[in-house]
Amino acid sequence: MSDWVLGIDLGTTNSVVAVADGGQVRVLADAEGKRLLPSVVSFHPTAGVLVGELARERRLMDARNTVYSVKRLIGRPFASPEVERARGRFAFDLTEGRDGVVMAKVRKGLFTLPEISAFVLREVRNIAEAALGEPCTRAVITVPASFDELQRSATKAAGRIAGLEVLRILNEPTAAALAYGCGTSRPERVAVYDLGGGTFDLSVLEIDGDVVEVVSTAGDSFLGGDDIDVSVAEAMADVFLRAHRWDAREDMQAFERLRAAGEWVKCQLSTLETVDATVSELTYGDGGRALDLVFRMTRPELEARIRSLLARSFDVCAEAMREAAIEPGDVDSVVLVGGSTRIPLARRMVRDFFGKEPRAEIDPDLVVAQGAAIQAHALSGRQSAPKSLAKIGAPKRRKDSTRQFKLHRAAALEGRPEQVAFAPARPAPLARSPKVRPPRASTAPPALPNLPAPSTPPLSFLVPLVLDRPPSSRPPPEEGAWGPSSAPPPMAPASEPPLELDASDVLEVGEPSTGAPGAQAEPERDSVVIDAAYAASLEPGRLLRYVAEDSEPSIVIDGIEPPSGSEELDGLEPPPSGSSAPAAPAPERAQPVLALAAKQLPLLMDVTPRTLAIETAGGYCRAIVRRNAPIPAEQTRRFTTAQDGQRAVHVRICQGEGPRFAENQLLGEVVLDGLPSRSRGEVSIDVAFLVDADGTLDVRAVDVATGRAQAIRIRLQGGLSDAEIAQMAARQREVLGEGV
Ligand code: AMP
C-alpha cells in the first residue's frame, strides 16, 4: 500500500482527483492529459462498462444504458420526490430495489447508485495510480454540505466498493475554502457559491486561522448547468419544429443530441457574444432526406432564457443568509465553485447579490479536489516522520492571542434529560422543557448520567475545535418547531471571574483570558478554564467535545515548502487579460492553496445538515442533535416507557425539520428489548446519538437501570452492510473483467 491519500471531488457532472505533496497540490490527469472525468457510466453491448468521456459520448447513442447525474439521487429513497422527479427526466430507467433503494436498470442488470458511483471512483483510482505509479487505496471524498447521513454513507459505500478506504467525507465548500487559504491572514466569513452541472449549493463558512466552521448551508439538487443545457436544447427544438414540423422532444435520442449541442453553445457563450451551431441529420424528411438543425444564439438571448433559472440560486442564498442570521453584505469573500460559475451572468448576479466581486482565481472545476487533496495530505501520515510527529504532538500555544481552543460539551450545561415517552403509546405529555443548568462556579464534576466522563487527553494531543455561534446570533426558533425551547441561560456579568470546571465539564482548553481575575496561568491537564460570559453564551443542547487522537495529523502539514510561483499550482486560472473586474486588494487575501499548505492545516469543523430526531408518542419527533450542530457531535437524551409492562422499545430515527415524524426522512431503527416489566414511566432509556467527523450517525440505546445496552439493532435504510459492499465490489470487478 502506498501512503498517498487521494483527494477526490466526486461531482455530479465531472470528477477530479488531486494529491498534495512537496508543497504542491497536483490535479492528476489521465493518459490524454484530461483532468475532468465525466461522472458517466455506460453499459456497452460488447465492450463492457465504459466510464468518463467514452461513456459521455455513448449517452448520445445509447441513452437508456448510460447513467449520469447519480449524485443527485445517491442515498435518497426511491419514494423521495427527488427520485420521482429524476425518473421523469432521465433517459435511463430507475427502479425500486430492496428496502426502497434506487436501482439503475441497464443492459447488464440492476445496479445500486453507490455501485454506479463506484465505477467512476474506480476509474478515478486508475487515473491516480497511473499518474503516481503506485497503488492508491485511501481517499478523502467530497460531498455537498447539504448531504444528509444517508447520502454521505452511500458515498462512502461507493468508495469502498471501488476498493478505497474513505478516510474522510469532506464538505465541498470547506474543501474550496481550504484551497483558497481563506481565513489564514484574518478571520473571514466566506460564502461558497457552487453551481455545478446538476446541483446548486450555497454555504456560509466562518474561518479563523486553524478553524473552519460551516455556519449554514442550503441547496437545490435540481439546479445547475444541465438545466441550462435543456433550456438551450428546447430553443433548438423550437427552431427545428418551426422549420420542419418535427418535434425533437418526442425522440429521446434526437433530444439528447440537442442537449449536448446546447451545452456546447452555452459554454461558448461564456466567452463569445454569438454562436452558430449545426446539428446534422437530426432526423430524416421526405424520401429519407437528412434534415439538419441550423441554430444561432447570442449571449443576451441565452441570458434572457436563463435569468430566472439563475435567480432561483439566490432564493437559496437568501435561505442560507437567514439560517446564518446575516445579510449578504456581512460576507467578507465569495468563492465560486462549479463549472457553471463561468457563465458571465451568474458572476454578475453573484456580485450584485453579495455586493462584492467573487473570487475565481482557481479553476472552479478543480478547486474542490485541490482542497480535498490538502486535507487528504494531512490525513495521509506522509508527514509522520518522528520530527513531524513531534510537531503534531505539540501544537503551539498562541502567546500573543486571546484565542482559545474550545471544547464542547453541552451535557455539562444541561439539566436532567426530560422524560418523554416512546412511541407506541397513548399520547404522552410532549416536550417538557429541559431544565437548563446555568454555568456553575464550582470545581465539582457535574452529574452526567448519560455520557461517560471523557478521559482527559494530554493537552499536547488536543486538536482545536471551533465554537458554534453564540445563541445571540442565532435566529429565533421557528414557529411550531419541535423540541424544547432552548433559551440560553442568563448572561453572566462580564466582570465575573472565570469559572473553573472539572474535566468532565470540558468546555475549552487554552490560555485563560489574560488579566482575568482568578484565571489560571496555565490550565491543568485535568481541568479547564472558561470565562463566565462564554459559558453563559453556550446554547444548551449543543454538544461541545474534543478530538484527542494522537494519530490525528490534521493540524500540521509538514514538509511543505511553498513553490516559487503561484503559476506552478494546478488549476489556477490567470486573471483574464483586459478584464474590467476590479482587482482584489492583494495583501488582504491569502494565497490560494499555498498559504494554507505552508501553514498549519485548519481543523475542519462541519455541521449536521438536518436535525436528527427520534419518534415519540403520538407520532411526534424529539430532536437529539439539531440542524447545524457542529460535528463531531454526541448527545444523549433520556426517555421512559409509555405503557405498563412494556418489554421493548423501538427507537425510530429520522432526520428533518418537521414536527411530525412522518414528515421527516426515516433513517432507521434501534430495538431495545429485554426490559424489566414495570409500570409506565418507570423504565428509563438513554438514547445517545454520535455523529462522527464524516457526518455518519451511530445510535445507542441503554437501559439506565441495568446500565447496559441491550439488543441494539441499527438498520440504516439505504445503507449497505459490509457483506453487501464486499459482494458489490466483487461483482464490479467481475463486470470490469478484473477477476474476483
Ligand atoms: P461541475 O459539476 O462543477 O463539473 O460543472 C459542470 C457544469 O459546468 C456543466 O453543466 C458544464 O456544462 C458547465 N460548464 C463548464 N464549463 C462552462 C463554461 N465555460 N460556461 C458555462 N458552463 C460551463
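Numbering of ligands and ligand atoms starts at 1, following listing order. The figures here come from the full heavy-atom set of this structure, side chains too, leaving out hydrogens, waters and symmetry mates. None of the values given here were measured: they were computed from a predicted structure.
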Per-atom contacts, ligand 1 versus Gly197 - under 4.0 Å to a heavy atom: 1 (P), 2 (O), 5 (O), 6 (C), 7 (C), 9 (C), 10 (O)

Does the N or O separation between Gly196 and ligand 1 drop below 3.5 Å for any pair? no

Side-chain donor-acceptor pair under 3.5 Å between Ser313 and Tyr193, yes or no? yes

Closest non-hydrogen atom pair, Thr12 against Arg72: CG2-CG, 4.1 Å

Arg305, CZ atom: more than 12 neighbouring heavy atoms under 6.0 Å: yes

Please identify which atoms of ligand 1 are closer than 4.0 Å to at least one heavy atom of Gly225. 10 (O)

Give the contacting part of Ile228 toward ligand 1: side chain, backbone, both or neither, where contact means a heavy-atom distance below 4.0 Å. neither

Just checking Phe43 against Phe111, ring centres under 6.0 Å apart? yes

Given the rule in the side chain to side chain donor-acceptor pair (under 3.5 Å) test, do Arg56 and Asn14 qualify, once you have shown the distances and angles that lead to the verdict? CA-CA 10 Å; Arg56 202 166 103 113; Asn14 297 303; 5.4 Å; no

The atoms of ligand 1 lying under 4.0 Å from a heavy atom of Asp365, numbered in the order shown, are 1 (P), 3 (O), 4 (O), 5 (O)

Does even one non-hydrogen atom of Thr12 get within less than 4.0 Å of ligand 1? no

Give a yes or no on whether the ring-centroid distance for Phe295 and Phe240 is below 6.0 angstrom. no

Near Ser270, which atoms of ligand 1 are under 4.0 Å from a heavy atom of that residue? 18 (C), 19 (N), 20 (N), 21 (C)

Check whether the side chains of Arg342 and Ser270 place a donor and an acceptor atom closer than 3.5 Å, and report yes or no. no

Residue-ligand contact Gly224/ligand 1, heavy atom below 4.0 Å: no

So if I count the atoms of ligand 1 from 1 in the order they appear, which ones are less than 4.0 Å from some heavy atom of Gly338? 3 (O)

Before signing off on this row, confirm whether Glu263 and ligand 1 have an N or O atom pair separated by under 3.5 Å. yes

Which residue supplies the protein heavy atom nearest to atom 10 (O) of ligand 1, what is that atom called, and how far is it? Lys266 NZ, 3.1 Å

With a 6.0 Å cut-off on the ring centroids, do Tyr68 and Phe92 count as close? yes

Could you identify the single nearest non-hydrogen protein atom to atom 4 (O) of ligand 1 and state the distance to 0.1 Å? Asn14 ND2, 3.2 Å

Taking 4.0 angstrom as the limit, do Arg259 and Glu256 come out as a salt bridge? yes

If the threshold is 4.0 Å, N to carboxylate O, is there a salt bridge linking Arg58 and Asp62? yes

Would you check the N or O atoms of Asp229, main chain and side chain alike, for any that come under 3.5 Å of an N or O of ligand 1? no

In the protein, which heavy atom is nearest to atom 5 (O) of ligand 1, and how far is it? Gly339 N, 3.2 Å

Students should be able to answer this: which protein heavy-atom is nearest to atom 16 (N) of ligand 1, and at what distance? Arg342 NH1, 3.2 Å

